[in-house]
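Below is one structure; the comments refer to it alone.
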Number of protein chains: 2
Amino acid sequence: MERETSPQRWPMDEEDIPADVRTARPGRALLSSSMVGSANRGRVLQTLFDLGPTSRAELARLAGVNRTTISGIVQPLLDQQVLVEGKPIRPSEAGGKPARPLWFSPEARPICGMMLMPDAVQTCLVTLAGTISAEESVRFPAENPTLAEVTRAIEQATKKTLSAAHREPLGIGVAVGGMVDTDRRAVIAVNLAPVMNGFELGDMLTRRFGLPALLDHHPRALLVGDRWFGKGRGMQNFAAVYTGEVLGGALYLGGHLYRGQSGAGGELGHTFVQVDGDLCACGRRGCWETIATVGWLRRQARAIGIDAPDAINSARLVALAGAGVPGAASLLDLYARNVAVGIANLQQTVAPNFYILHGDVVGGGEIMAEAIAGHVRALVPSRSGGEIRFAIGETEDRAALLGAAGLVLSELLQFPL
Amino acid sequence: MERETSPQRWPMDEEDIPADVRTARPGRALLSSSMVGSANRGRVLQTLFDLGPTSRAELARLAGVNRTTISGIVQPLLDQQVLVEGKPIRPSEAGGKPARPLWFSPEARPICGMMLMPDAVQTCLVTLAGTISAEESVRFPAENPTLAEVTRAIEQATKKTLSAAHREPLGIGVAVGGMVDTDRRAVIAVNLAPVMNGFELGDMLTRRFGLPALLDHHPRALLVGDRWFGKGRGMQNFAAVYTGEVLGGALYLGGHLYRGQSGAGGELGHTFVQVDGDLCACGRRGCWETIATVGWLRRQARAIGIDAPDAINSARLVALAGAGVPGAASLLDLYARNVAVGIANLQQTVAPNFYILHGDVVGGGEIMAEAIAGHVRALVPSRSGGEIRFAIGETEDRAALLGAAGLVLSELLQFPL
DNA sequence: AAATGTTTGTGCGAGCCTCATACTAACAAG
DNA sequence: CTTGTTAGTATGAGGCTCGCACAAACATTT
């Protein structure tokens with residue numbers, strides 16, 4: 001039963017986005033009816049992401065609106081093959097017409113996710129349901145590649161991935177292993193690859209492939225990946241914390257990805273936890289990064305005489321501790337506490353109450369996570385109604401690619417009001 | 001020329017608020033046309049706060065909307081005597097009809113601000129233009145007053161202040177010198193006054209005086225005071241930092257006051273800057289509070305033999321340093337750095353880029369502020385487009401009372417979408 | 001097999017809001 | 001006195017959600 005649909009389109013039609021976003025300077029601009037439409041469309045889709053396949057009636061109940069409103073929002077999306085109706089599901093014992101759950105169509109336009117590392121680029125397609133396909137990976141040629149070589153590698157991977165898409169992707173999201181200017185959509189600095197400093201990758205991709213492109217730094221990408229496709233699904237407040245050779249994080253506060261001006265903030269690795277402490281790679285002393293990265297772990301492992309200290313990480317440390325290797329258990333505990341210190345500070349500052357751990361500690365599994373959680377709870381004064389929860393993120397490259405795609409999704413769903 | 005106005009009321013009609021706020025669970029609930037009205041009304045008023053007296057045409061230009069829209073929003077507010085038209089202002093050389101600036105009417109309903117300290121309560125009326133009147137202050141009787149005595153003191157001060165109001169106040173905002181549960185509108189804990197722990201002050205005030213009442217902890221009140229009546233006017237991102245006997249802070253991020261669950265967050269004093277450092281009053285070690293409060297300053301002053309070390313504070317320290325007292329200048333510098341450490345961490349974490357200093361350091365004036373600013377800039381890696389600015393807040397009790405009133409205003413203007 | 005109750009999803013008109021257009025009012029400059 | 005410019009207002013159109021009524025599709029009971 002085709003219903004006459006109004007000419008509205010959902011915000012994922014790329015020509016809509018820039019105009020809407022621009023006119024909707026938050027705090028200044030006023031709202032209009034058409035913006036209400038876009039915003040509600042975004043919210044319905046967001047609820048769908050959060051809950052999985054859901055009927056119109058259920059969506060209406062949850063949103064506290066009339067069923068006709070949901071129908072009106074959803075019908076154009078069905079026409080555009082963004083959504084599909086699933087098989088009718090049995091009504092409850094009370095009877096009634098079977099509900100038709102709505103979910104994202106496999107025919108919906110995918111998102112191109114990209115991970116840019118100092119020595120390689122990885123691309124893929126991500127469906128709105130969160131499945132990854134058409135993965136490509138191209139390493140940069142030499143030791144110190146030129147920007148032209150880097151550009152060529154990126155173009156090559158992107159072109160191949162995009163050619164696998166059945167419909168035009170909604171956009172390209174890029175997770176960058178370094179500092180990013182999200183406004184200019186440019187790389188500010190990538191350690192070990194200074195050639196990329198100032199690289200306006202966003203503009204390059206838009207010019208070359210005619211798609212909207214968004215850049216953000218790696219931890220923020222992990223967070224949005226968690227938010228749409230992972231453990232952060234449906235959450236309104238949480239933080240993602242990445243540990244490894246470096247340390248970073250991102251915040252989702254009040255239902256919005258938090259970005260400071262041009263994407264500042266989240267430089268958790270370089271917050272002070274030990275004034276005048278050890279020298280950090282950044283030149284300052286006592287950064288959290290000096291005590292909660294695998295670099296610290298290696299140094300400690302060597303100091304207490306653990307085998308192959310250069311190959312230590314959370315996974316091995318947990319195994320060694322489990323095997324009763326002398327010193328391993330206490331090192332594990334100390335490492336967990338060091339990680340916990342920074343998380344405790346974050347909790348005291350913005351109190352997200354939920355933390356998704358990424359990077360090295362993921363290898364340590366539940367044991368590592370529980371160790372960290374225990375220390376955080378001990379380090380934060382208890383407060384009524386403020387339970388602190390922890391979760392372990394996806395495996396590393398999957399998390400980054402989903403996250404990169406999530407950047408585009410965040411932009412599309414978080415219609416700024 | 002009276003225009004027929006629709007029966008809409010601005011959000012400050014108290015019976016509107018609870019319903020609107022409740023239905024507008026962010027991230028879940030959808031928007032409706034009537035909510036657009038409320039939201040836009042709030043935004044226009046917010047813009048008016050930010051810019052001072054402004055004509056309809058100017059408001060329309062800034063908001064990027066039609067002039068008729070502003071007229072439609074503003075007319076009922078004029079009818080209700082929330083706003084008044086000022087004297088026509090001369091047009092520019094180009095000519096044209098003179099603009100009639102709009103501003104808050106002195107006849108508009110005031111806000112009752114309250115500051116609750118361990119040993120006293122202070123109340124006042126605040127107009128929307130930010131002037132304070134009808135100040136009352138009642139100290140609690142004995143050393144360890146009973147809750148009944150505290151309640152009586154609060155009622156007495158409030159009653160007297162409220163009786164001075166020409167129109168029914170919009171609500172009562174309370175700044176509490178302790179931990180607060182903003183959801184339950186209750187005091188969680190006030191140092192030195194354990195009798196207040198668990199005190200459901202918000203309900204008490206609403207029951208007793210029939211007005212909406214909001215509680216928040218002191219630093220957050222300072223922040224909203226700055227936002228609406230002080231140096232934070234018009235800002236979209238900034239932080240308020242209070243130093244003194246204790247240390248606290250609050251964040252305004254993306255045009256919204258940030259609160260964690262039930263008002264958590266902002267416990268900056270108990271973030272770690274020195275793992276395993278000095279013992280803090282909270283029982284942990286190395287809290288920021290151990291190195292950036294006047295307690296630390298007193299200990300250091302005594303250690304280097306400054307006169308009357310127990311009476312030291314930023315004001316005296318600046319004076320001493322100016323007078324060339326040995327050790328004073330370096331102590332000033334060290335104190336400034338200690339304060340700067342925590343601010344640097346905040347900057348690295350959420351990057352508000354603008355800090356308003358409150359409490360003890362205000363006494364140190366520009367010299368103190370510049371010393372802190374210098375250290376922060378040295379401690380934070382520079383980043384393009386990320387200048388860090390500082391300002392000094394209002395004098396202490398004025399800031400707190402304006403802030404308490406600001407809590408009510410924030411709730412009314414920040415219509416949650 | 002028929003009747004009853006329940007739930008889903010869809011027209012339809014009403015109400016609220018903003019927008020574009022056209023109009024009047026009030027000023028400056030020539 | 002005319003022309004140009006800006007402020008504020010009246011009016012009708014278009015978007016959106018809402019409440020109500022209705023058809024469709026099921027379970028349960030009689």
Side-chain angles (χ1 to χ4, degrees), chain A residues 1-9 20 23-24 29-44 54-61 63-76 78 85-102 415, chain B residues 1-9 20 23-24 29-44 54-61 63-76 78 85-102 415:
Chain A
M1 194 179 296
E2 277 280 302
R3 191 155 67 134
E4 190 105 14
T5 67
S6 51
Q8 62 176 342
R9 291 164 311 188
D20 282 350
T23 57
L30 300 192
L31 278 48
S32 70
S33 296
S34 61
M35 291 169 64
V36 168
S38 304
N40 281 353
R41 204 155 46 235
R43 293 195 180 188
V44 166
T54 309
S55 71
R56 296 164 237 243
E58 180 81 13
L59 286 169
R61 271 193 299 270
V65 300
N66 199 287
R67 287 200 303 274
T68 55
T69 303
I70 300 292
S71 285
I73 291 170
V74 148
Q75 195 56 51
L78 288 164
E85 272 186 336
K87 285 204 201 108
I89 50 173
R90 289 194 334 101
S92 70
E93 299 142 9
K97 179 174 172 178
R100 312 284 293 263
L102 303 172
F415 189 84
Chain B
M1 193 181 297
E2 277 281 303
R3 192 155 66 135
E4 191 105 17
T5 66
S6 51
Q8 62 175 343
R9 290 164 312 188
D20 281 351
T23 57
L30 298 191
L31 278 50
S32 70
S33 295
S34 62
M35 292 169 64
V36 168
S38 303
N40 281 354
R41 205 154 47 233
R43 293 196 178 188
V44 166
T54 310
S55 72
R56 297 163 236 243
E58 179 81 11
L59 287 170
R61 271 193 298 269
V65 300
N66 199 286
R67 286 199 303 274
T68 55
T69 303
I70 298 293
S71 286
I73 291 171
V74 149
Q75 195 56 53
L78 288 165
E85 272 186 335
K87 286 205 201 105
I89 50 173
R90 289 195 330 103
S92 71
E93 299 141 10
K97 180 176 171 177
R100 313 284 294 263
L102 302 171
F415 190 81

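This is a predicted model, so every value here is computed, not measured. Within every chain, numbering begins at 1; the chains are lettered A, B, ... in the order of the sequence lines, protein sequences first and strands thereafter.
- Residue A/Gln75 places at least one side-chain N or O closer than 4.0 Å to OP1 or OP2 of C/dT10.
- If you take CD on A/Glu58 and CD1 on A/Ile70, they are separated by 11.0 Å, rounding to the nearest 0.5 Å.
- Checked against side-chain hydrogen bond (donor to acceptor under 3.5 Å, both in side chains), A/Ser33 has no partners two or more places apart in sequence or in another chain.
- With sequence neighbours excluded, the residues satisfying salt bridge (charged side-chain N to carboxylate O under 4.0 Å, His left out) with B/Arg100 are B/Glu85.
- Distances shown here put every side-chain N or O of A/Ser33 at or beyond 4.0 Å from the OP1 or OP2 atom of C/dC17.
- With rounding to whole Å, B/Glu58 atom CD is found 15 Å from D/dG8 atom C1'.
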List, with names and distances, any nitrogen or oxygen atoms from the protein found under 3.5 Å away from nitrogen or oxygen atoms belonging to nucleotides 28-30 of chain D.
none

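- Distances shorter than 4.0 Å separate none of the side-chain N or O atoms of B/Arg67 from OP1 or OP2 on C/dA20.
- The phosphate of D/dA25 has neither OP1 nor OP2 within less than 4.0 Å of any side-chain N or O from A/Arg90.
- Here the side chains of A/Leu31 and B/Arg43 are in contact, with some heavy-atom distance below 4.5 Å.
- One interatomic measurement links the two molecules: CG of B/Leu59 to P of D/dT6, which rounds to 17 Å at whole-angstrom precision.
- Residue order along DNA chain C, read from the 5' end via each residue's closest nucleotide, puts A/Gly96 first among A/Gly96 and A/Ala57.
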Give the C-alpha distance, both sets of side-chain angles, the deciding distance and a yes or no for side-chain contact (heavy atoms from CB on, under 4.5 Å) between B/Leu30 and A/Ile73. CA-CA 11 Å; B/Leu30 298 191; A/Ile73 291 170; 4.0 Å; yes

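- Computed from coordinates, the B/Lys87 NZ to C/dC27 C1' distance equals 18 Å when rounded to whole Å.
- The residue B/Arg100 sits close only to the backbone: its heavy atoms come under 4.0 Å of sugar-phosphate atoms, none of a base.
- Residues B/Ser55 and B/Ser32 both approach DNA chain D. Their nearest nucleotides, taken by heavy-atom distance, put B/Ser55 toward the 5′ side.
- Look at A/Thr69 and you'll find a side-chain N or O under 4.0 angstrom from OP1 or OP2 of D/dC18.
- For the pair B/Ile89 CD1 and C/dC27 C1', the computed distance is 13 Å after rounding to whole Å.
- Across the protein-nucleic acid pair, B/Asn66 atom CG and D/dA7 atom P stand 13 Å apart, rounded to whole Å.
- You'll find that the side chain of A/Pro98 is closest to D/dA25, out of D/dC16, D/dG8, D/dA25.
- Straight-line distance from the NZ atom of B/Lys97 to the P atom of C/dA29: 19 Å, rounded to whole Å.
- One finds no side-chain N or O of A/Ser34 lying less than 4.0 angstrom from the OP1 or OP2 phosphate oxygen of D/dG15.
- None of B/Leu59, B/Thr69, B/Thr54 except one satisfies the side chain to side chain contact (heavy atoms under 4.5 Å, CB included) rule with B/Val44; the exception is B/Leu59.
- A straight line from CE of B/Met35 to C1' of C/dC16 spans 13 Å, rounded to a whole angstrom.
- Between A/Ile89 and A/Pro98 the shortest heavy-atom distance is O-CB, 3.3 Å.
- As rounded to whole Å, 9 Å separates atom C1' of D/dT17 from atom CD1 of A/Ile73.
- Between B/Pro88 and A/Ala99, the residue anchored nearer the 5' end of DNA chain C, judged by the nucleotide with its closest heavy atom, is A/Ala99.
- The two atoms that bring A/Arg67 and A/Ala57 nearest to each other are CD-CB, 3.8 Å, heavy atoms only.
- In this model, the phosphate group of C/dT18 is approached by a side-chain N or O of B/Asn40 to a distance below 4.0 Å at OP1 or OP2.
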